[in-house]
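Below is one structure, written out as structure tokens; comments come after it.
All values below come from the heavy atoms of this structure, side chains included, with hydrogens, waters and symmetry mates left out. The model shown is predicted, which means the values in this text are computed figures rather than measured ones.
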Amino acid sequence: MTDEHHHRPHRPAAGTGPRLAPLAEDAMDPHTRELLAPIPRDADGRVANVFTTLVRHPGLFERFLPFGSHLLRDGRLPARTRELLILRTAYNTRAGYEWGRHVPLAREAGVTDEEIRRVGAGPDAQGWAPADARLLRAADELHRDARLSAATWTALAADHDEAQLIEITLLVGQYHMVAFFLNSAGTPLEPGYATETLPAPTGAGADVTEGTPGHV
């Protein structure tokens, strides 16, 4: 049996926990520990749940990590740009885990608390600098239409080079993919991040039903 089949799905009773539980330390084989070794640990010494859940598919995890890490740590976009795009994507996909983990990163990148709250109001909310509004609009168009409009592409091209334009689309796509996984698995947000609450949906999406508190 290959390492792809070592971990069978954890099946909690309905409504009692995540659909797919993070892998416990005492359940990790040597290969799993090796895969998780490069991941920075949280203040409590644990690896974030997104990784200890995704590592249940070791082969995919091994290939996913370099791409995700490049976008997060080594990409061509400024950190503030990256985090505004991720937060708006987390809002659009109702990914509470993604939101909770990235609010501290957004603060580190210079996004203010007032701006973080305003992300939920969207690109047309008063107070955004034009460049920031363009980023939120880009995230919305990619979420809604799977493409950037000609007007938004042209506006972004005034501030970004070709590589950065490519990265904007792939970054938003990457965090949609991660949101699909987190939301479907019901990955629980770590207690240290649980105070960062996903803004309630507004407008046409205001009737979206949220998941179990503490989960996404």
Side-chain angles (χ1 to χ4, degrees), residues 35-40 47-48 50-51 54-55 57-95 97-116 118-125 127-183 187 193 196 198:
L35 290 175
L36 292 172
I39 306 295
V47 177
V50 58
F51 299 115
L54 187 59
V55 79
H57 190 329
L60 188 150
F61 181 92
E62 192 169 11
R63 291 157 181 82
F64 164 86
L65 193 61
F67 179 69
S69 296
H70 182 84
L71 287 173
L72 187 61
R73 304 297 180 194
D74 301 312
R76 296 282 296 273
L77 295 173
R80 176 187 169 83
T81 295
R82 181 192 70 226
E83 293 305 322
L84 283 173
L85 289 166
I86 293 171
L87 287 182
R88 186 60 180 174
T89 299
Y91 172 84
N92 284 335
T93 57
R94 310 310 299 152
Y97 186 98
E98 200 165 84
W99 178 273
R101 295 291 308 199
H102 277 272
V103 163
L105 296 177
R107 290 193 182 110
E108 289 177 11
V111 184
T112 68
D113 284 346
E114 195 280 329
E115 288 171 329
I116 289 169
R118 200 192 306 147
V119 165
D124 295 324
W128 289 120
D132 292 340
R134 287 194 285 272
L135 293 172
L136 270 62
R137 187 166 292 108
D140 286 1
E141 289 180 359
L142 290 167
H143 176 71
R144 183 185 64 240
D145 304 325
R147 66 180 299 169
L148 294 174
S149 68
T152 296
W153 178 274
T154 299
L156 288 172
D159 302 325
H160 302 88
D161 62 26
E162 290 180 349
Q164 290 175 321
L165 290 170
I166 291 170
E167 195 167 310
I168 286 170
T169 62
L170 292 182
L171 178 75
V172 173
Q174 153 82 353
Y175 280 90
H176 271 80
M177 179 175 67
V178 173
F180 296 161
F181 158 65
L182 292 167
N183 290 350
T187 304
Y193 294 85
E196 310 299 350
L198 185 69

The test is side-chain contact (heavy atoms from CB on, under 4.5 Å); show your working for Phe61 and Leu36 and say whether it passes. CA-CA 9 Å; Phe61 181 92; Leu36 292 172; 3.8 Å; yes
CA sep, side-chain torsions, deciding dist, call: His176, Thr93, side-chain contact (heavy atoms from CB on, under 4.5 Å): CA-CA 7 Å; His176 271 80; Thr93 57; 3.6 Å; yes
If you apply the rule side-chain contact (heavy atoms from CB on, under 4.5 Å), what do you find for Glu196 with Ile116, and how did you get there? CA-CA 10 Å; Glu196 310 299 350; Ile116 289 169; 6.0 Å; no
For Val178 and Phe64, what are the C-alpha separation, side-chain angles and deciding distance, and is it a side-chain contact (heavy atoms from CB on, under 4.5 Å)? CA-CA 10 Å; Val178 173; Phe64 164 86; 3.9 Å; yes
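Rounded to the nearest 0.5 angstrom, Asp132 CG and Glu115 CD are separated by 6.0 Å. Within the model, atoms CD of Glu98 and CG of Asn183 stand 8.0 Å from one another, a figure rounded to the nearest 0.5 Å. Atom CG of Leu135 and atom NE2 of His160 lie 5.5 Å apart (nearest 0.5 Å). We find the CG-CG distance between Asp140 and Leu148 to be 11.0 Å, quoted to the nearest 0.5 Å. Between the CG atom of Leu105 and the CG atom of Leu72 there is a distance of 6.5 Å, given to the nearest 0.5 Å. One finds the CG atom of Leu171 at 8.5 Å from the CD atom of Glu83 (value rounded to the nearest 0.5 Å).
Residue Trp128 comes nearest to Pro123 through the heavy atom pair CD1-O, 3.8 Å, listed as atom of the first residue, atom of the second, then distance. Closest heavy-atom contact between Phe51 and Ile39: CD1-CG2, 3.6 Å. Contact between Gly68 and Gln174 at its shortest, heavy atoms only, is CA-NE2, 3.5 Å. In plain terms, the two heavy atoms of Trp153 and Leu165 that are nearest each other are CZ2-CD1, 3.7 Å. Pairing each heavy atom of Gln164 with each of Pro78, the nearest pair is NE2-CD, 4.0 Å. In plain terms, the two heavy atoms of Leu71 and Arg82 that are nearest each other are O-CD, 3.5 Å.
When each of Arg137, Arg118, Arg134 is checked for a salt bridge (charged side-chain N to carboxylate O under 4.0 Å, His left out) with Asp124, only Arg137 meets the rule.
Between the side chain of Glu167 and the main chain of Leu77, a donor-acceptor pair closer than 3.5 Å is present. Side chain of Asp145 to main chain of Arg147: no donor-acceptor pair is present (N/O by atom type, distance under 3.5 Å, no hydrogens or angles).
Asp113 pairs by the side chain to side chain donor-acceptor pair (under 3.5 Å) definition with Arg107, not counting sequence neighbours.
Within 6.0 Å of CD on Glu114 lie more than 12 heavy atoms contributed by other residues, nucleotides or ligands.
Cation-pi geometry between Arg94 and Tyr91 is met: the NZ or CZ atom falls under 6.0 Å from the ring centre, inside 45° of the normal.
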